[in-house]
Amino acid sequence: MLHIFLLFSLIFTSTNVLAQDFCVANTASGIVTPSGYPCIMEANVTSDDFAFSGLGAPGNTSNIISAAVTPAFVGQYPAVNGLGLSAARLDLAPGGVIPMHTHPGANELLYVVHGHITCGFISSANKVYLKTLKRGDVMVFPQGLLHFQINAAGKRPSLAIVTFSSPNPGLQILDFALFANDLPSSLLEKSTFLDDAQVKKLKGVLGGTG
């Protein structure tokens, strides 16, 4: 019995020594792998590394979409490195919109702090799931699916906090992917069924060429 106890003690001690509770990102290293950034030395980690105050201030919504996204991804919040989560703040002025987009690397959960936000996503079967959320409501957006958020009905600004199932969820905005690049207009016209004038207008608004 003593031998079994000593064996378990040895296994536990070895595992405990090798366990790594966290990996605060060394973002200055310039090294990023699929599993994240390398860690800064644990001796240099402080309590401040685990706190983040960047979501406390409203974002600037004076832009073409009347909305702002303030991220707390690994680049801004190194403590989430390797932990499988991150967050962001969404500020939407009346009429503001987070355009149709996708996060290739994460599921998203949205919580409405105040206001009304109309949200929706499109499944791979092209079915639309649409809901207008009020204060205290949440909605989930599955990984990789196109989705959006609009402050359509409200006369006041709306605020939401979103969390992601990855420290670096990635982002691709559909309109920018289509019209903010140098893909020839003739190819866009064939692939989107839009006419030449509309394609060139959208490229002009979003900064594309070609």
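Numbering starts at 1 and runs along the sequence shown. Every heavy atom of this structure was used, including side-chain atoms; hydrogens, water molecules and symmetry mates were not.
Nearest heavy-atom pair across Leu145 and Ser124 is CD2-N, 4.1 Å. Heavy-atom minimum distance, Pro71 versus Ala88: CA-CB, 4.0 Å. Contact record, Pro169 with Ala106: CB-CB, 3.5 Å, taken as the closest heavy-atom pair. Annotation for Gln172 and Ala177: closest pair NE2-CB, 3.7 Å, computed over non-hydrogen atoms. Of all the heavy atoms in Ala67 and Ile98, the pair that sits closest is CB-CD1, 3.7 Å. Shortest non-hydrogen contact noted between Pro38 and Cys23 is C-SG, 4.1 Å.
With no hydrogens or angles considered, a side-chain donor-acceptor pair links Thr132 and Thr118 at under 3.5 Å.
A single hydrophobic cluster is seen to contain both Val140 and Tyr111, as judged by linkage of ILVMFWY side chains at heavy-atom distances under 4.5 Å, directly or through other members. No single ILVMFWY cluster, assembled from side-chain heavy atoms under 4.5 Å apart, contains both Ile117 and Leu159. A chain of hydrophobic side-chain contacts below 4.5 Å, direct or via other Ile, Leu, Val, Met, Phe, Trp or Tyr residues, connects Met100 to Ile150. Phe141 and Val97 fall into different hydrophobic clusters, defined by Ile, Leu, Val, Met, Phe, Trp and Tyr side-chain heavy atoms under 4.5 Å apart, directly or through other members. Tyr129 and Leu146 fall into different hydrophobic clusters, where Ile, Leu, Val, Met, Phe, Trp and Tyr are joined by side-chain heavy atoms under 4.5 Å apart, directly or via other members.
Thr61 places no side-chain N or O within donor-acceptor distance of the main-chain N or O of Leu92, the cut-off being under 3.5 Å. For Ser185 (side chain) and Val199 (main-chain N/O), no donor-acceptor pair under 3.5 Å exists by modelled atom type. Without hydrogens or angle criteria, Asn126 side chain to Ile122 main chain gives no donor-acceptor distance under 3.5 Å. Remark: side-chain polar atoms of His147 are paired, donor with acceptor, to backbone N or O of His101 under 3.5 angstrom. Using modelled atom types, one side-chain atom of Asn151 and one backbone atom of Ala93 make a donor-acceptor pair closer than 3.5 Å. Between the side chain of Lys134 and the backbone N or O of Val112, no donor-acceptor pair lies under 3.5 Å.
Between Asp175 and Leu202, the closest side-chain pair of non-hydrogen atoms is not below 4.5 Å. Using a 4.5 Å cut-off on side-chain heavy atoms (C-beta onward), Phe22 and Val45 make contact. Side-chain contact between Leu110 and Cys119 is present, with at least one heavy-atom pair separated by less than 4.5 Å. Taking 4.5 Å as the limit, some side-chain heavy atom of Val113 sits within range of a side-chain heavy atom of Ile161. Under the 4.5 Å side-chain criterion, counting only non-hydrogen atoms from C-beta, Leu171 is not in contact with Val69. Between Leu206 and Phe176, some side-chain heavy-atom pair lies under the 4.5 Å cut-off. Taking 4.5 Å as the limit, some side-chain heavy atom of Phe50 sits within range of a side-chain heavy atom of Val24. Taking the side chain as every heavy atom from C-beta outward, Gln149 and Ser158 never approach each other to under 4.5 Å.
Rounding to the nearest 0.5 Å places CG of Leu83 at 13.0 Å from OG of Ser165. If you take OG1 on Thr70 and CD on Gln76, they are separated by 9.5 Å, rounding to the nearest 0.5 Å. The distance from the OG1 atom of Thr102 to the CZ atom of Phe121 is 12.0 Å, given to the nearest 0.5 Å.
A search for ring pair (Phe, Tyr, Trp, His ring centres under 6.0 Å) contacts involving Phe164 returns Phe73, His103, not counting sequence neighbours.
Screening residues 189-198 for side-chain hydrogen bond (donor to acceptor under 3.5 Å, both in side chains), with sequence neighbours left out, gives Asp196-Lys200. Sorted by first then second residue, the side-chain hydrogen bond (donor to acceptor under 3.5 Å, both in side chains) pairs that include residues 78-90, not counting sequence neighbours, are Arg89-Asp91.
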- For Val205 and Ile64, run side chain to side chain contact (heavy atoms under 4.5 Å, CB included): C-alpha distance rounded to whole Å, both residues' side-chain angles, the deciding distance at 0.1 Å, then the answer. CA-CA 10 Å; Val205 169; Ile64 191 173; 3.7 Å; yes
- Message: Could you go through Cys39 and Gln20, starting from their C-alpha distance and side-chain angles, then the distance that decides it, and tell me whether this counts as side chain to side chain contact (heavy atoms under 4.5 Å, CB included)?
- Response: CA-CA 10 Å; Cys39 316; Gln20 186 167 352; 3.2 Å; yes
- Would Phe179 and Leu194 count as a side chain to side chain contact (heavy atoms under 4.5 Å, CB included) if you check the C-alpha gap in whole Å, the side-chain angles of each, and the deciding distance to 0.1 Å? CA-CA 12 Å; Phe179 303 110; Leu194 297 173; 3.8 Å; yes
- Derivation and outcome, side chain to side chain contact (heavy atoms under 4.5 Å, CB included), residues Leu85 and Thr163: CA-CA 7 Å; Leu85 80 169; Thr163 56; over 6 Å; no
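Exactly one residue among Ile31, Asn168, Thr27, Asn26 makes a side chain to side chain contact (heavy atoms under 4.5 Å, CB included) with Tyr37. That residue is Thr27.
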